[in-house]
Structures are given as structure tokens and as C-alpha cells.
Amino acid sequence: MELFRGRPQNAEGRLDKEMRVYDLLDRLGIEYERTDHIAAMTMEDCLEIDRILDVVICKNLFLCNRQKTKFYLLMMPGDKVFKTKDLSGAIGSSRLSFADPEYMEKYLDITPGAVSVMGLMNDTENHVQLIMDRPVVESALLGCHPCVNTSSLRMKTKDVMEKFLPAVHHEAIVVDLPEYEK
């Protein structure tokens, strides 16, 4: 794996949804670095990617309420333990669970393993609420996928919060999820 500044020189073999991410980031003037890799399906797969990017890639969880009427994208540190009851209490929503992949594709145009804040650019009707654990918001840099799990990006968290989210008409709810011993 190698670290590159900005978009790929050649779009051949890349999905349109990935290229749309680069187009938007470039249009917004957000600087980013990128690495290409084999499909990263788990947090364990991300360890080498983290080393190349020199940033911890977030754990991105796509969740919904029991009725499947409210959807959430949770960003939290990859090494942090997640318990649904903690998030449910923090946002006042009972019975959160992992949402079906069909909703992930419908609202974010992404598939399991590629869940990312970048998918919010495809949620033009704001079906998905972004929730960020405070350590992610307070970190200087953010690692994420560009809507595919064969590339990863590193950019300033401030740019995501102040440029990207307003441009895609989303706001983050910031929560303080507890730390558990592993």
C-alpha cells in the first residue's frame, strides 16, 4: 500500500460512487490523502490501512430503530466497544439494532464493509442521522472509505465538520459513549 495525495490519476476500474466522492471533496476544497487496498471488511482488516494513513479509521455502524423508520450512522473510535443501550440512552431512541443492508444501499449508496460518512452525500432526503462519538469529533484527522472498501482516505476532521457536512445538508449529533475494558 502506498499513500497518495488526492484523487486517483485514472478512474479505470473504479466505481462511479467512489469518483463522485473525489469530485465533491475537490469541489469543496477539502485536501485528502488516499491509499488503495484489498477489500477491508472488518476492523482487523483496517489495521494495516491505519498504519499507512497514520490515523485510526472510525468504526462506522449503520443502525435503525425497531420500526425501521429512523436510521443512524454512528462514527466512533475503531477500538471502542459498542453497546446499543448506551447510544439508545444518549439519543432517546429505544431498541436500536443494525439496519438491513438494503437500507444502507437505498439511502447511502454503500454496501456492508464500506459504511462511511461520505455516504451522506447520497442521502439527499436526510433519512440518516449522523451521530459522532466525541473522541472522533475532537481528533485532528479522520479516516474513512470513499463509499467503497477498496480505498481509504485521511482528511482533517475540521473539514468534514465545517465543509463536507454543511455541503451535504447533514448535522452531527455528538455523544459521549462510555469506555469499557476489552
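Every value quoted in this text rests on a predicted model; they were computed, and no experiment measured them. Just so you know, these numbers use all the heavy atoms, side chains as well, and skip hydrogens, waters and symmetry mates. One-based numbering along the sequence shown.
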*asked:* Quick one, Val175 and Met76 - any side-chain contact, counting heavy atoms below 4.5 Å?
replied: no
*Where do Met19 and Ala11 come nearest, in terms of heavy atoms and distance?*
CE-CB, 3.7 Å
_Asp54 side chain reached by Leu3 side chain, heavy atoms, under 4.5 Å_ = no
*List for me each residue that meets salt bridge (charged side-chain N to carboxylate O under 4.0 Å, His left out) alongside Arg14, sequence neighbours excluded, and say none if there are none.*
Glu18, Asp36
Between side-chain atoms of residues 102-121 and protein atoms elsewhere (two or more places apart, or another chain), which donor-acceptor pairs fall under 3.5 Å?
{"residue": "Asp109", "atom": "OD2", "partner": "Arg20", "partner atom": "NH2", "Å": "2.9"}
{"residue": "Ser116", "atom": "OG", "partner": "Met118", "partner atom": "N", "Å": "3.0"}
{"residue": "Ser116", "atom": "OG", "partner": "His145", "partner atom": "O", "Å": "2.6"}

*Using a 4.5 Å cut-off on heavy atoms from C-beta on, say whether the side chain of Asn122 contacts that of Cys147.*
yes
*Apply the test side-chain contact (heavy atoms from CB on, under 4.5 Å) to residues Leu141 and Met155: give CA-CA distance (whole Å), side-chain angles for both, the deciding distance (0.1 Å), then the verdict.*
CA-CA 6 Å; Leu141 298 171; Met155 64 193 80; over 6 Å; no
*Hey, which of Val137, Leu130, Val160 is the one that makes side-chain contact (heavy atoms from CB on, under 4.5 Å) with Met75?*
Leu130
*Could you list all the salt bridge (Lys or Arg N to Asp or Glu O under 4.0 Å) pairs where at least one residue sits in residues 127-153, not counting sequence neighbours?*
Lys80-Asp133, Arg134-Asp176
*With sequence neighbours excluded, what pairs up with Lys68 under the side chain to side chain donor-acceptor pair (under 3.5 Å) test?*
Asp100
*Any pair with a residue in residues 111-125 that passes salt bridge (Lys or Arg N to Asp or Glu O under 4.0 Å), sequence neighbours left out, goes on the list, sorted by first then second residue, please.*
none
_Pairwise distance CZ(Arg154) to CG(Leu142) - rounded to 0.5 angstrom_ = 11.5 Å
_For Arg51, give me all partners under side chain to side chain donor-acceptor pair (under 3.5 Å), at least two apart in sequence or on another chain._
Glu48
_Which residues pass the side-chain contact (heavy atoms from CB on, under 4.5 Å) test with Ala99, not counting sequence neighbours?_
Phe62, Cys64, Phe71
*How long is the gap from CD on Glu31 to CG on Leu25, to the nearest 0.5 Å?*
11.5 Å
*Using side-chain contact (heavy atoms from CB on, under 4.5 Å) as the criterion, list what pairs up with Ile38, not counting sequence neighbours.*
none
*Do Asp23 and Arg7 touch side chain to side chain, with heavy atoms closer than 4.5 Å?*
yes
*Rounded distance [0.5 Å steps], CZ in Arg34 versus CG in Leu53*: 11.0 Å
_Tyr72 and Leu87, any side-chain heavy atoms less than 4.5 Å apart_ = no
*Could you list the residues that satisfy side-chain contact (heavy atoms from CB on, under 4.5 Å) with Gln67, not counting sequence neighbours?*
Asn65, Thr69
*Identify, with sequence neighbours excluded, every residue that meets side-chain contact (heavy atoms from CB on, under 4.5 Å) alongside Asp86.*
Lys83, Leu177, Pro178, Tyr180
_With Tyr32 via side chain to side chain donor-acceptor pair (under 3.5 Å) - residues at least two apart_ = Asp26
*At their closest point, which heavy atom of Leu165 faces which heavy atom of Ala172, and how far apart are they?*
CD1-CB, 4.3 Å
_Euclidean distance, Met132 CE relative to Ser139 OG, rounded to 0.5 Å_ = 7.5 Å
_Whether the side chain of Gln129 engages the backbone of Glu171 through a donor-acceptor N/O pair (distance < 3.5 Å, no angle test) should be reported._
yes
*What distance do Glu33 atom CD and Leu153 atom CG have between them, rounded to the nearest 0.5 Å?*
10.0 Å
_Under 4.5 Å side-chain linkage, directly or through intermediates, the cluster mates of Val148_ = Leu15
*Cys58 SG to Asp50 CG distance, which is reported to the nearest 0.5 Å*: 9.5 Å
*Hphob cluster co-occupancy, Phe4 + Ile52, side-chain heavy atoms under 4.5 angstrom*: no
